[in-house]
Amino acid sequence: MGDHMNTPTSDAAAGFGTGETAPSAITVAVIGLGYIGLPTAAILASNGAAVIGVDVNTATVDAVNEGRVPFAEPDLGVFVAGAVSTGALRAQTGTPPADAYIVAVPTPFNADRSADLSYVDAAAAAIAPQLRGGELVILESTSPPGTTRRMADVILAARPDLSLDGSGGRPAVLFVHCPERVLPGRIMVELVTNDRIVGGLTPEASAAAAALYSRFCQGSIHQTEATTAEMAKLVENSYRDVNIAFANELSVISENLGVDVWELIELANHHPRVNILQPGPGVGGHCIAVDPWFIVAADPENSRLIRTAREVNDAKPARVVASILEAAEGSEAPVVAALGLAFKANVDDVRESPAVAIVRSLAEQRPDIQVLVGSPHATVLPRELAELPNVSIAETDKAIAEADVVALLVDHDVFREIRREQLAGKRIIDTRGFWRAWA
Ligand SMILES: NC(=O)c1ccc[n+]([C@@H]2O[C@H](COP(=O)([O-])OP(=O)(O)OC[C@H]3O[C@@H](n4cnc5c(N)ncnc54)[C@H](O)[C@@H]3O)[C@@H](O)[C@H]2O)c1
């Protein structure tokens with residue numbers, strides 16, 4: 001299918017807002033009011049839509065109806081408070097009738113790394129009885145290929161009087177996948193400025209979704225079909241994962257060869273067509289460390305590179321632990337300063353964080369080692385670490401002063417303020433290449 005940017009033309013798009021005429025009044029139900037759903041609900045409400053936010057969590061519903069945001073995200077509070085005060089946004093636990101539905105519920109993975117689609121199924125089951133035909137049903141949750149089709153199947157099985165394309169005289173429902181790529185911390189900016197992909201089960205559905213998003217999206221809106229849109233999001237994160245795995249593999253090989261991996265990468269990157277990423281202690285977060293598995297599950301035989309990249313990145317924390325243990329050898333009752341807990345620089349998010357895995361494994365393997373965690377952003381230990389008697393949070397300078405081994409696990413900007421003399425006499429494990437000039 002071609003790429004029609006911001007030019008929805010079909011009749012199905014009429015009413016969802018075309019950008020050429022003033023957007024008409026429309027009711028949008030946003031299902032799931034988390035990091036993705038609530039900002040989307042608030043921005044739509046600020047752009048002429050009547051928005052009903054739906055969440056199974058009554059505390060979230062109550063917070064939104066009071067104009068409050070139940071999590072931290074810059075500028076979101078202003079949008080929510082404003083939209084609630086004008087009546088453009090309200091929240092409830094039940095799924096209402098609406099012209100468009102945006103589903104933004106969790107899609108975590110199961111123990112076997114297949115996707116848990118039970119939240120999507122539950123949202124679809126609740127939407128089905130409300131439909132009359134002509135509605136848009138958009139899946140924004142990051143999903144394995146085929147999930148939009150599955151959502152349509154769940155809904156149409158419950159509503160045999162409706163169809164995908166108007167066949168048999170049954171009114172059509174417009175099913176679309178629209179992956180979300182906003183960066184937490186910048187969601188209210190990127191919702192407006194990022195390009196979007198809308199992939200419908202029919203071209204009419206894609207056009208209608210493009211019309212809806214054009215109410216607030218200033219980026220290009222690329223129309224395609226649903227499975228391509230689902231794969232696009234997964235491929236973006238797999239691309240990052242594979243490239244980071246290459247750097248991480250180089251870091252292990254370099255250590256074995258006695259080569260400085262940071263210098264190696266810097267030199268190789270002087271080649272005009274080479275751009276190797278930086279290695280680290282592993283890969284974390286709820287996207288890059290999770291989404292590639294959805295591709296592997298969809299075609300295990302042919303996703304060898306993607307699977308191996310995941311395995312390479314997942315193996316890196318154990319390698320860091322081994323290096324720390326080696327550095328601690330010879331110290332009686334060793335103290336290790338572990339600097340950073342978050343999954344990436346300058347955030348407090350510890351989901352799937354390799355730094356947490358490293359601290360946990362170290363402390364569990366060696367109860368005689370004291371681990372002092374210097375964590376300027378995530379200032380409370382996650383439960384899995386809090387229950388370990390030999391792990392505690394410490395102020396960064398104090399942790400370094402007391403340590404025999406200093407392990408830099410996250411490249412937070414504040415750690416750049418650590419002075420060379422603070423590290424004098426310490427054994428250093430630098431997973432980010434911060435202090436290579438001092439080696
Ligand atoms: N957070 C991000 O940065 C990000 C970025 C891109 C994509 N995504 C994807 O977006 C989706 C949502 O992620 P999130 O971070 O907003 O999750 P979240 O956990 O912050 O929010 C999900 C919300 O859905 C609610 N919910 C669960 N089941 C429900 C149901 N049946 N009906 C109504 N509400 C229900 C939960 O109570 C919760 O408030 C996931 O698929 C995620 O992978 C997230």
Side-chain angles (χ1 to χ4, degrees), residues 28-43 51-65 68-74 76 80 91-96 98 101-110 113-130 137-145 147-148 150-151 154-155 177-191 194-197 229-230 232-238 240 284-295 342-344 347-352:
V28 182
V30 178
I31 319 296
L33 297 175
Y35 286 98
I36 297 302
L38 186 53
T40 306
I43 204 120
V51 180
I52 303 160
V54 179
D55 205 292
V56 289
N57 185 334
T58 50
T60 298
V61 167
D62 292 345
V64 172
N65 283 330
R68 289 187 292 110
V69 177
F71 50 86
E73 180 59 36
L76 177 57
V80 170
Q92 59 189 50
T93 52
T95 301
Y101 295 84
I102 295 180
V103 176
V105 296
T107 43
F109 61 16
N110 296 309
R113 293 186 175 125
S114 63
D116 173 2
L117 297 178
S118 58
Y119 301 91
V120 176
D121 288 348
I127 291 169
Q130 304 301 336
V137 180
I138 301 173
L139 177 64
E140 278 207 11
S141 302
T142 302
S143 298
T147 309
T148 310
R150 173 192 168 119
M151 186 178 72
V154 168
I155 288 176
H177 181 61
C178 180
E180 186 51 80
R181 295 116 123 209
V182 286
L183 186 70
R186 281 178 49 81
I187 292 179
M188 299 317 290
V189 175
E190 293 201 356
L191 265 181
N194 283 1
D195 284 6
R196 273 189 180 266
I197 299 170
E230 290 159 349
K233 167 79 185 176
L234 306 180
V235 162
E236 288 158 16
N237 284 333
S238 298
R240 300 270 303 151
H286 56 287
C287 285
I288 298 182
V290 174
D291 298 354
W293 289 118
F294 292 177
I295 300 181
F343 82 88
K344 67 173 183 177
V347 302
D348 65 358
D349 190 341
V350 298
R351 285 181 287 179
E352 311 287 330

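We count ligands from 1, going down the list as the structure has it; atoms in each ligand are counted the same way. When a residue number appears, it is its place in the shown sequence, counting from 1.
One finds no salt bridge joining E190 and R181 here, because no Lys/Arg side-chain nitrogen approaches an Asp/Glu carboxylate oxygen to under 4.0 Å. Here E140 pairs with R196 in a salt bridge; the nearest charged N to carboxylate O distance falls below 4.0 Å.
There is no side-chain donor-acceptor pair under 3.5 Å between T147 and E230.
Residues meeting the ring-ring contact (aromatic ring centres under 6.0 Å, His included) test with Y35, sequence neighbours left out: F71. Partners of D195 according to the side-chain hydrogen bond (donor to acceptor under 3.5 Å, both in side chains) rule, which considers only residues two or more places apart in sequence or in another chain, are H222. Applying the side-chain hydrogen bond (donor to acceptor under 3.5 Å, both in side chains) rule to E352 yields no partners; only residues at least two apart in sequence or on another chain are considered.
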Which N or O atoms of ligand 1 sit under 3.5 Å from a protein N or O, and how far apart is each pair?
from: ligand 1; atom 1: 1 (N); to: H286; atom 2: NE2; distance (Å): 3.4
from: ligand 1; atom 1: 3 (O); to: H286; atom 2: NE2; distance (Å): 3.4
from: ligand 1; atom 1: 16 (O); to: Y35; atom 2: N; distance (Å): 3.1
from: ligand 1; atom 1: 16 (O); to: I36; atom 2: N; distance (Å): 2.9
from: ligand 1; atom 1: 20 (O); to: Y35; atom 2: N; distance (Å): 3.1
from: ligand 1; atom 1: 37 (O); to: D55; atom 2: OD1; distance (Å): 2.6
from: ligand 1; atom 1: 39 (O); to: D55; atom 2: OD1; distance (Å): 3.4
from: ligand 1; atom 1: 39 (O); to: D55; atom 2: OD2; distance (Å): 2.6
from: ligand 1; atom 1: 41 (O); to: T107; atom 2: OG1; distance (Å): 2.6
from: ligand 1; atom 1: 41 (O); to: T142; atom 2: N; distance (Å): 3.0
from: ligand 1; atom 1: 43 (O); to: T142; atom 2: OG1; distance (Å): 3.4

